[in-house]
Amino acid sequence: MAKIGIVDSGCGGLSVYREILKVLPHSSYIYYADNANCPYGEKSPQFIIGRMNEICSLLISKGAAVIVVACNTATSAAIASLRESFPIPFVGMEPAVKPAALGTRSGVIGVLATEGTLKGSKYLHNKELYEDEVQILEHAGLGFVELVERGVLCGSEAESVVRSSLAPLLEAGADTIVLGCTHYPFLLPVMQKVAAELTPNPVRFIDPSPAVARRLVDVLRAEHIEPEDPRPGLELLCSGSREVALRLLGQFS
Ligand code: DGL
């Protein structure tokens with residue numbers, strides 16, 4: 001039976017899996033968290049391409065018929081090379097600059113992502129398309145990935161880390177924040193709390209995962225891959241500890 005492979009540097013891709021499960025609840029999944037090597041944000045593209053090749057080979061050998069690269073940083077560094085190397089379809093992440101640019105009222109949007117994503121040609125090209133119409137500000141979510149990997153999703157430490165990256169964007173007038181890293185949606189409640197403390201104005205956070213889940217459905221249909229499996233479920237593979245991933249999974253599956 002065809003399986004759906006999902007890969008991330010760690011637990012972040014579980015926020016994408018959560019959205020995929022809503023549209024494909026009867027499928028069989030294999031999720032690989034490369035958490036022994038997390039974060040990817042400051043690693044070289046060569047390193048990320050090497051890890052993605054190894055992990056995707058493994059996922060395909062275990063029956064993956066399609067792979068979701070549920071990591072903006074890995075999509076940016078490696079998806080073109082993966083598509084050349086393997087004969088299966090890949091679905092990647094894309095920072096949601098377009099819906100943010102179309103929806104902003106203040107004319108200023110903020111993009112939170114890793115250094116790797118913000119420097120990547122995929123994001124820079126996306127930004128170019130909208131920067132004449134709206135002001136686009138960027139900030140690396142410093143320390144966000146590490147918080148999520150430790151399972152620290154609320155409390156004063158999380159609030160202080162989030163405040164450091166969010167404050168400059170909100171102070172510059174951003175009313176819409178693009179979550180450009182798949183770890184960040186797990187910090188959404190903290191971001192909303194901190195935003196409410198920083199500004200009286202409403203702030204919209206955009207997570208591209210629901211759009212990625214819909215894209216996966218389209219790809220499965222186009223490639224004639226049957227997503228339903230008589231034995232649906234998730235196989236979780238981690239290069240490091242499984243503890244936090246299992247805890248996050250317990251929240252929604
Ligand atoms: N979750 C990842 C992303 O979407 C990777 C974060 C990291 O490992 O630095 O970019």
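Quantities reported herein were computed from a predicted structural model and do not represent experimental measurements. Both counts, for ligands and for their atoms, begin at 1 and track the order of listing.
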* Asked: Considering only the protein, which heavy-atom contact is closest to atom 7 (C) of ligand 1, and what is its distance?
  ->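 Of every protein heavy atom, Tyr40 N, 3.2 Å lies nearest to atom 7 (C) of ligand 1.
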
Margin query: Starting from atom 2 (C) of ligand 1, what is the nearest protein heavy atom, named by residue and atom, and what distance separates them?
Written below: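 Protein heavy atom at minimum distance: Cys71 SG, 3.3 Å.
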
Looking at residues at least two apart in the chain, or sitting in another chain, which of them share a side chain to side chain donor-acceptor pair (under 3.5 Å) with Lys98?
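With sequence neighbours excluded, Lys98 shows a side chain to side chain donor-acceptor pair (under 3.5 Å) to no residue whatsoever.
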
Per-atom contacts of ligand 1 with [X], taking only distances under 4.0 Å to non-hydrogen atoms:
| X | value |
| --- | --- |
| Thr114 | 6 (C), 9 (O), 10 (O) |
| Ser9 | 5 (C), 6 (C), 7 (C), 8 (O) |
| Thr73 | 3 (C), 5 (C), 10 (O) |
| Cys38 | 8 (O) |
| Gly41 | 7 (C), 8 (O), 9 (O) |

| said: Working note: Thr104 + Asp175, criterion side chain to side chain donor-acceptor pair (under 3.5 Å); need CA distance, chi angles, decisive distance, verdict. | reply: CA-CA 6 Å; Thr104 176; Asp175 65 351; 2.7 Å; yes

State, to 0.1 Å, how close [X] and [Y] come at their nearest heavy-atom pair, and which atoms those are.
| X | Y | value |
| --- | --- | --- |
| Val148 | Val244 | O-CG1, 3.5 Å |
| Ala96 | Ile206 | CB-CG2, 3.6 Å |
| Cys11 | Leu248 | CB-CD1, 3.6 Å |

Using side-chain heavy atoms (C-beta onward) and a distance below 4.5 Å, is Phe90 in contact with Val219?
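They are not in contact (no side-chain heavy atoms under 4.5 Å apart), so the answer is no.
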
